[in-house]
Amino acid sequence: LKLTSKNLSQIASQQGDQKVQIPTYERNDVKEGIVHVGVGGFHRAHLAVYINQLLQNHDQRDWAICGVGLRSNDAAMRDVLSAQDQLYTVIERSAKGSAAKIVGSINSFLFAPDDREAVIAKMAHPDTHIVSLTITESGYYYNENTHQLQSEHADIQHDLANETSPISTFGFLYAALARRHEQGLKPFTVLSCDNMQKNGSITRNMLESFARLRNPDLAKWIAEEGAFPNAMVDRITPSTSPDDIKSLAENFGIDDAWPVVTEPFMQWVVEDKFCDGRPPFEKVGVQVVKDVHDVEQFEKYKLRLLNASHSAMAYPGQLAGFKYVHEVMEHPVYRKFVWQMMQEEVKPLLPDIPGVDIDKYCNTLMERFSNPTIMDQIPRVALNASGKIPQFIIPSIAEQIWVTGPFRRLCFVAGAWFRYINGVDDEGNSFEVDDPMREQLQALAKAGGNDPRDLLSIKMLFGDDLRGDKRFIDEVTTAMELIAKDGVMATLPKYVD
Ligand code: NAD
């Protein structure tokens, strides 16, 4: 049955062993309190699911979502959602089986390239209280070295010159906030749900920098009146495959052109800092915390353990020809490598969080990575590495050097990334390198061969801390040479005790 509002009750009452949850709240009687930029897999498996629960079980009708796509490839999402009355299916998969839930919290969708003014007007509307973001790390134009906005970036330059037809997230946020200020409204909260440590603070700093370049008075208003909660977000959400669409039709009788597949686990720790109201997130299991340090500690666990392990599987894994994360976990030596990297090189650097058992956290991660049913793709985990490695891997190396602790495995991951940049695996097969800095990276990787120093000279990614550090350079060089000579799988045992 095609997924539409009209067919919902029939979908729910279909005979079969598999039950489907559907939204039973009145979808026409809601206000769109949240405008979300970047309606990809993660948003649809995370924030939109929490909001769906609030609408379904807690009658929170002011908080439906208006999705926004800024990039040309978001046209596909616009078309799929509009043909399905903005409904889609979340398929939760674990070793125990699958569950399907139809989510109705996205109420409308605006595709910016069609009508940029409509997006600005929507964000500026008094009903909008939160603008949330999953725009990937590269959407923040954040220079890791200077911690400043990449103000020379062509998108930012474009938006500084064109207030009414922006292309970057900051251009839209600025234009909408300027309008709210003019109309005497409060600013909306800008809520980043991207994987970055201090995601709220980075969002605040980048937006304020952008605003200062246009109008310092408005920048001041945003700084004083705005809110940018920091948040740690977690739910592994692979890209949807054609098989997922087919199996949803076969097992649940739902014809959905773009369902989302995810794991049962979900977590969100968010700082309680909202300037224009918020939904009662606590009611649906979100950890809303008063102290920003609480978020930072959870973020650190997530980025340094989960995301760093993902990187440890992605770059060497791609070179070794693995297709899925769970396949890496099935390989005993590789599994041990990931475990030992977490336990010996990352765990000692992490703070104690009251009520969290770090070994249990690591064990749960190993279980989640091993889930064979969600088929998390190595290329997905690998993409946009220039936004990931400097956040997930490099800080642990730098800290280990400070405390003279072990960091060889982390350097192996960095070295594997440097080889990965060439786009050729250990068998000589080419693969696509999906990274906004690809051209620059590939030129430097080619010039440098097994010498990482050319790549490490990209200050924006690596700063100055490690660039001249001999111990670091030697470890990365060794890893690159070993991989070049013997390949990842023959090298890995040298990194496992
Ligand atoms: P996706 O590819 O499904 O969607 C990405 C969305 O971001 C698209 O709508 C795209 O148009 C938009 N986007 C990309 N670059 C942008 C830019 N420069 N400006 C504005 N919009 C931009 O990816 P996803 O799985 O939804 O992941 C998105 C982000 O969510 C990740 O980068 C990460 O920070 C966070 N996240 C993902 C997961 C996961 O498991 N997928 C888990 C935790 C956090």
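What you see is a predicted model, and the numbers here were worked out from it, not measured in a lab. Scope of the values below: all heavy atoms of this structure, side chains included, with no hydrogens, waters or symmetry mates. Order of listing sets the numbers, starting from 1, for every ligand and every atom in it.
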Starting from atom 4 (O) of ligand 1, what is the nearest protein heavy atom, named by residue and atom, and what distance separates them?
Gly40 CA, 3.3 Å
When distances are taken from atom 40 (O) of ligand 1, the protein heavy atom at minimum range is Thr237 N, 2.9 Å
For atom 23 (O) of ligand 1, what is the nearest protein heavy atom, given as residue, atom name and distance?
Gly41 N, 4.5 Å
Interfacing atoms of ligand 1 (cut-off 4.0 Å, heavy-atom, Thr134)
6 (C), 7 (O)
Quick check with a 6.0 Å cut-off and a 45 degree axis cone: is Arg78 positioned over the face of Phe109's six-membered ring?
no
Val37, Leu173, Thr169 screened by side-chain contact (heavy atoms from CB on, under 4.5 Å) with Val190, the one that passes:
Leu173
Short list, please: which atoms of ligand 1 are under 4.0 Å from a heavy atom of Thr169?
19 (N), 20 (C)
Closest to atom 44 (C) of ligand 1 among protein heavy atoms sits Asn195 ND2, 3.3 Å
Per-atom contacts of ligand 1 with Arg235, taking only distances under 4.0 Å to non-hydrogen atoms
39 (C), 40 (O), 42 (C)
To the nearest 0.5 Å, how far apart are NZ in Lys388 and OG1 in Thr136?
8.5 Å
Give the atoms of ligand 1, by number and element, whose distance to some non-hydrogen atom of Asp74 is under 4.0 Å.
8 (C), 9 (O), 10 (C), 11 (O)
Given the side-chain rings of Trp268 and Tyr50, with only the six-membered ring counted for Trp, is the space between their centroids under 6.0 Å?
yes
Identity and distance of the protein heavy atom lying nearest atom 5 (C) of ligand 1
Thr136 CG2, 4.1 Å
With a heavy-atom distance limit of 4.0 Å, tell me whether Val39 approaches ligand 1 through its side chain, its backbone, both, or neither.
backbone
Does the pair Phe210 and Tyr141 meet the rule for a ring-ring contact (aromatic ring centres under 6.0 Å, His included), with working shown?
CA-CA 10 Å; Phe210 181 90; Tyr141 304 92; 9.2 Å; no
For ligand 1 and Val37, I'd like to know whether there is a polar contact (N/O to N/O, distance under 3.5 Å).
no
Show me which atoms of ligand 1 lie under 4.0 Å from any heavy atom of Ile236.
40 (O)
What's the shortest distance from atom 27 (O) of ligand 1 to any protein heavy atom, and which residue and atom give it?
Phe42 CB, 3.9 Å
Mode of Arg380 contact toward ligand 1 - side chain, backbone, both, neither (heavy atoms, under 4.0 Å)
side chain
Can you find an N or O of Leu70 that's nearer than 3.5 Å to an N or O of ligand 1?
no
Pair Asp194, Thr134: side-chain N/O donor-acceptor within cut-off below 3.5 Å:
no
Can you confirm, on distance only, whether ligand 1 has an N/O atom lying under 3.5 Å from any N/O atom belonging to Asp234?
no
For atom 20 (C) of ligand 1, state which one of Asn73, Ile135, Leu383 supplies the nearest heavy atom.
Ile135
Is the distance between the ring centroids of His310 and Phe369 under 6.0 Å?
yes
Give me the ring orientation class for Trp417 and Phe462: parallel if the planes are under 30° apart, tilted from 30 to 60°, perpendicular past 60°.
tilted
Any donor-acceptor pair under 3.5 Å linking the side chain of Thr203 with the backbone of Ser192?
no
Side-chain ion pair, Glu399 and Arg304, N-O less than 4.0 Å
yes
Decide yes or no on ring-ring contact (aromatic ring centres under 6.0 Å, His included) for Phe322 and Tyr334, but give the supporting numbers first.
CA-CA 11 Å; Phe322 287 98; Tyr334 207 149; 5.7 Å; yes
Polar proximity ligand 1 side, Lys302 side, N/O cut 3.5 Å exclusive
no
Classify the angle between the aromatic ring planes of His326 and Tyr324 as parallel (below 30°), tilted (30 to 60°) or perpendicular (above 60°).
parallel
Hydrogens and angles aside, do Gln86 and Asn107 bring a side-chain donor and acceptor to less than 3.5 Å of each other?
no
Verify atom 25 (O) of ligand 1: protein non-hydrogen atom under 4.0 angstrom away
yes
Close-contact set for ligand 1 against Asp194 heavy atoms, below 4.0 Å
29 (C), 30 (O), 31 (C), 32 (O), 33 (C), 34 (O), 35 (C)
The atoms of ligand 1 lying under 4.0 Å from a heavy atom of Gly139, numbered in the order shown, are 17 (C), 18 (N)
